[in-house]
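Remarks on the structure that follows.
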Amino acid sequence: MTNATRACDRCGADISALHRNARRCKTCPKREPLGVLPERPCDICGTIYTPKRRDSLCCSRSCNGLRYNRLYAARQKEAEPERACFGCDATFKAWRTDQKYCTPDCGNRHRARRAIVYADLTPRPCERCGTVFTPKQSTSVFCSRLCSRRVSYARYRPQRVAAAVAWGRANPELRRAIAAQYKAARRAWEKLNPDSVGVDSREWRKLVRHYRHRCAYCGGNQGGLHMDHVVPLSRGGRHAIGNVLPACQGCNLAKGAKLVAEWKRDEAAWSQDEKPAPRMPLPLSA
């Protein structure tokens with residue numbers, strides 16, 4: 001094609017007046033319009049998206065970066081020679097120059113075995129109760145989970161109590177709803193349990209006078225006296241004068257839905273460094 005007969009690749013117009021390397025006129029775009037490209041799935045995450053380019057393979061920059069990272073790792077893996085795994089002695093292709101194990105799980109198992117071999121598992125005393133125990137880890141300082149939880153509770157108890165008090169003041173309606181729900185469950189237990197005849201106020205005052213206006217378990221009256229069921233209502237106990245005892249706020253909340261024997265056992269294990277184990281009910285006064 002001579003300079004006199006050159007035509008535009010797009011529209012066929014005469015471009016003989018333009019530069020000899022020109023292939024299209026100035027009015028035609030350099031690229032053909034893309035139009036509406038069909039939707040396609042992302043090669044990395046599988047999300048269906050509408051591409052903005054014909055050669056687009058990923059839905060976002062993050063997926064595109066992950067695609068390039070995978071391609072780079074594949075090239076590095078092909079370039080690296082095979083090596084032996086430190087954990088299972090199997091040969092594998094490494095994708096990093098400092099890789100020692102064939103898989104992360106194999107590395108974790110090998111490090112755990114080495115930790116057990118070199119761990120100091122000599123018997124030692126518990127930092128809370130003093131019991132001599134054989135640890136399963138070299139960093140163990142408590143004989144049981146109970147001692148560990150007790151120390152953690154004592155350490156963070158002020159923060160937890162303050163957070164609970166702040167939550168109760170900030171949510172009075174929700175607090176009243178929870179209390180109403182508990183009272184409804186308590187009334188349902190009283191109706192379902194057999195021989196729940198109720199507790200007369202005169203009999204309750206007489207019982208409190210018999211225990212000298214003190215807790216039947218610890219002998220104190222801090223926080224006021226509560227009506228505690230010896231056999232809890234949630235475990236089939238009766239709501240009657242023969243199944244209730246006056247208890248201080250601390251003992252009543254600590255006992256909860258436990259029997260006296262269960263409560264004594266748990267309190268002996270949990271509260272040995274704060275107060276002695278609860279005593280049996282005080283004898284009736286004359």
Side-chain angles (χ1 to χ4, degrees), residues 84-90 98-168 178 182 214-223 226 228-237 245-283:
C85 176
F86 280 22
C88 59
D89 295 332
D98 59 342
Q99 187 176 353
K100 298 180 180 180
Y101 304 99
C102 56
T103 60
D105 292 338
C106 185
N108 294 335
R109 288 192 297 268
H110 183 254
R111 284 187 288 269
R113 289 194 297 267
R114 286 175 59 87
I116 292 176
V117 171
Y118 295 103
D120 181 16
L121 303 180
T122 57
R124 64 191 67 174
C126 176
E127 289 190 357
R128 177 179 175 265
C129 62
T131 304
V132 178
F133 70 101
T134 302
K136 296 182 179 179
Q137 298 179 0
S138 58
T139 57
S140 297
V141 295
F142 302 108
C143 61
S144 63
R145 185 178 296 178
L146 182 66
C147 288
S148 177
R149 290 172 59 189
R150 187 55 184 168
V151 171
S152 177
Y153 176 78
R155 179 182 303 171
Y156 299 106
R157 184 178 183 278
Q159 294 88 331
R160 293 181 179 180
V161 171
V165 172
W167 180 89
I178 294 174
Y182 175 76
R214 293 184 176 275
C215 176
Y217 300 111
C218 67
N221 56 1
Q222 186 177 3
H226 295 195
D228 178 69
H229 293 81
V230 180
V231 180
L233 297 176
S234 60
R235 302 179 67 169
L245 286 175
C248 64
Q249 181 179 3
C251 290
N252 187 30
L253 296 179
K255 180 176 177 291
K258 301 176 184 177
L259 300 177
V260 177
E262 297 174 351
W263 177 43
K264 287 178 60 179
R265 179 195 61 203
D266 295 344
E267 281 290 311
W270 277 84
S271 305
Q272 63 181 4
D273 51 351
E274 291 187 2
K275 62 179 181 179
R279 298 184 294 271
M280 292 300 294
L282 298 175

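Side chains are part of it too, since the values below use all heavy atoms of this structure and drop only hydrogens, waters and symmetry mates. If you read the sequence from its start, that first residue is 1, and numbering goes on from there.
The main-chain N or O of Ser140 is found under 3.5 Å from a side-chain atom of Arg124 such that the two form a donor-acceptor pair.
Considering only residues two or more places apart in sequence or on other chains, Glu262 meets the side chain to side chain donor-acceptor pair (under 3.5 Å) condition with Arg235. Residues satisfying the side chain to side chain donor-acceptor pair (under 3.5 Å) test with Arg113, not counting sequence neighbours, are none. For Asp89, the side-chain contact (heavy atoms from CB on, under 4.5 Å) criterion is met by no residue, not counting sequence neighbours. Under the salt bridge (Lys or Arg N to Asp or Glu O under 4.0 Å) criterion, Glu127 pairs with no residue at all, not counting sequence neighbours. Evaluation of the salt bridge (Lys or Arg N to Asp or Glu O under 4.0 Å) rule for Arg114 yields no partner, not counting sequence neighbours. For the side-chain contact (heavy atoms from CB on, under 4.5 Å) test, residues two or more places apart in sequence or in another chain that qualify with Thr139 are Gln137. Not counting sequence neighbours, the partners of Val132 by the side-chain contact (heavy atoms from CB on, under 4.5 Å) test are Pro123. Applying the ring-ring contact (aromatic ring centres under 6.0 Å, His included) test to Phe142 and every residue at least two apart in sequence or in another chain returns nothing. Shown here are the side-chain contact (heavy atoms from CB on, under 4.5 Å) partners of Pro158, two or more places apart in sequence or in another chain: there are none. Listed by chain and number, the residues in a side chain to side chain donor-acceptor pair (under 3.5 Å) with Thr134 amount to none (sequence neighbours excluded). Remark: Asp228 engages Tyr217 in a side chain to side chain donor-acceptor pair (under 3.5 Å) (not counting sequence neighbours).
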Donor-acceptor pairs under 3.5 Å, side chain of residues 248-257 to any protein atom, not counting sequence neighbours: which ones?
unit_1 : atom_1 : unit_2 : atom_2 : d
Asn252 : ND2    : His226 : ND1    : 3.1
Lys255 : NZ     : His229 : O      : 2.9
Lys255 : NZ     : Val230 : O      : 3.2
Lys255 : NZ     : Lys258 : O      : 2.9

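More than 12 heavy atoms of other residues, nucleotides or ligands lie within 6.0 Å of CZ in Arg160, so this atom counts as buried by the packing criterion.
Distance CZ/Arg111 to SG/Cys106: 9.5 Å, rounded to 0.5 Å. Here the straight-line distance linking atom SG of Cys88 with atom CG of Asp105 works out to 11.0 Å at 0.5 Å rounding. Put simply, SG on Cys147 and CZ on Arg150 are 10.5 Å apart, with the number rounded to the nearest 0.5 Å.
Checked against Cys143 for a side chain to side chain contact (heavy atoms under 4.5 Å, CB included), the options Cys129, Pro135, Ser148 give a single hit: Cys129.
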Would you sort out whether His110 and Tyr101 count as a ring pair (Phe, Tyr, Trp, His ring centres under 6.0 Å), showing the intermediate values?
CA-CA 9 Å; His110 183 254; Tyr101 304 99; 5.5 Å; yes
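The heavy-atom pair separating Gln99 from Cys102 by the smallest distance is NE2-O, 3.8 Å.
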